[in-house]
Amino acid sequence: MELNTGLACRRLDFRWPGKQAEAPPVLESVEAQFSPGTVNLVTGATGSGKSTLLHLLAGLLRPTAGEIWADGQPVSRWPSRHRDAWRQQTGIVFQHLALIPDLTVAENLVLPLIPRQIVWSRIQARIHRQLAVAGLSDLADTPASALSGGQRQRVAMARGLVVRPRFLLADEPTAFQDDDHALQIGEMMAAAAHDGAVVVVCSHDPRLRSSHRVDRRFLLDSASLVETPDSLAAP
Ligand SMILES: Nc1ncnc2c1ncn2[C@@H]1O[C@H](COP(=O)(O)OP(=O)(O)OP(=O)(O)O)[C@@H](O)[C@H]1O
């Protein structure tokens with residue numbers, strides 16, 4: 001397996017700590033390689049482990065066994081502070097979105113840029129551009145708490161993209177979107193891949209499964225991840 005670029009799972013096992021030893025693992029011997037410039041869709045039944053896989057890829061959980069490699073580095077073996085630094089290259093769109101409700105849309109986008117030591121005028125320009133791409137310019141000064149579910153989800157995607165991630169990890173990013181906005185989110189992920197990012201998206205959404213913006217499709221089932229032709233990807 002080529003491990004020098006992109007994100008890779010290598011004999012990855014995961015079992016939730018505290019779960020009985022005989023409980024089935026969430027992931028077992030998962031091998032996968034997600035390359036820069038590609039959108040990779042992971043589908044699977046509810047509870048099959050899609051969110052767990054994304055958290056492992058983001059370095060937010062540690063594998064029970066096996067490793068996550070990023071650009072040829074075994075990041076899952078690194079101590080937390082090194083993984084935290086590495087995660088600055090990552091845009092994460094959580095299923096539960098994790099916006100700060102009392103901050104405005106624009107302020108939510110500022111947060112991931114703060115540790116990057118970018119000058120303020122550049123931060124403002126970047127946020128301005130990202131909000132325009134996401135069709136959110138009119139909502140820049142609106143508190144996140146006053147947004148609809150779909151708007152919140154698009155803000156979460158914009159926040160994931162504003163860091164210009166090398167790795168974009170998105171969990172159900174189209175769940176609350178109408179068809180036009182689901183299409184727009186597909187385009188935003190494809191644009192990130194076009195700019196060289198590794199995009200891994202977990203979703204049940206048939207609109208993403210059939211999207212021509214997806215390059216590779218995987219099915220998570222019985223703790224295994226297998227690449228599928230389109231027709232087999234439906235959970
Ligand atoms: N914090 C946790 N502690 C213990 N078990 C957990 C935890 N989070 C998830 N699980 C279990 O891990 C398994 C995989 O859950 P996960 O959320 O990764 O699935 P999923 O495929 O993303 O599901 P969905 O499509 O419903 O979001 C499930 O059996 C779930 O009950």
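First listed ligand is number 1; within each ligand, the first listed atom is number 1. Bear in mind that the values here come from a model prediction, so they are computed numbers and not experimental data.
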I want to confirm something. Looking only at heavy atoms, which of [options] is nearest to [atom]?
atom                    : options                      : result
atom 15 (O) of ligand 1 : Thr52, Val26, Leu61, Thr46   : Thr52
atom 14 (C) of ligand 1 : Gly47, Ala175, Gly44, Cys202 : Gly47
atom 27 (O) of ligand 1 : His204, Arg15, Lys50, Gln95  : Gln95

Open item on the list: Determine whether Arg207 and Asp179 satisfy the following criterion, salt bridge (charged side-chain N to carboxylate O under 4.0 Å, His left out), listing intermediate values before the conclusion.
Closed with: CA-CA 8 Å; Arg207 297 171 299 187; Asp179 288 351; 2.9 Å; yes
Open item on the list: Looking at Glu172, is its backbone amide N or carbonyl O close enough to the side chain of Gln153 to form a donor-acceptor pair, meaning the two atoms are under 3.5 Å apart?
Closed with: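 Checking the backbone N and O of Glu172 against the side chain of Gln153, a donor-acceptor pair under 3.5 Å is found.
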Open item on the list: Enumerate the ring-ring contact (aromatic ring centres under 6.0 Å, His included) contacts for residues 170-196, please, sequence neighbours excluded, ordered by first and then second residue.
Closed with: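 Pairs touching residues 170-196 that pass the test: none.
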Open item on the list: Show every side-chain hydrogen bond (donor to acceptor under 3.5 Å, both in side chains) that has at least one partner inside residues 57-68, sequence neighbours left out.
Closed with: Glu67-Trp69, Glu67-Arg77
Task: Minimum-distance pair of heavy atoms, taken over all atoms of Ala156 and Val93 - done: O-CG2, 3.8 Å
Task: Atoms of ligand 1, numbered as shown, that sit under 4.0 Å from any heavy atom of Ala45 - done: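 The list of qualifying atoms is 21 (O).
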- [ ] Say whether Glu172, considering both its backbone and side-chain N or O atoms, lies within less than 3.5 Å of an N or O atom on ligand 1.
- [x] no
Task: Sub-4.0 Å heavy-atom approach of His55 to ligand 1 - done: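 The answer is no: ligand 1 sits nowhere under 4.0 Å from a heavy atom of His55.
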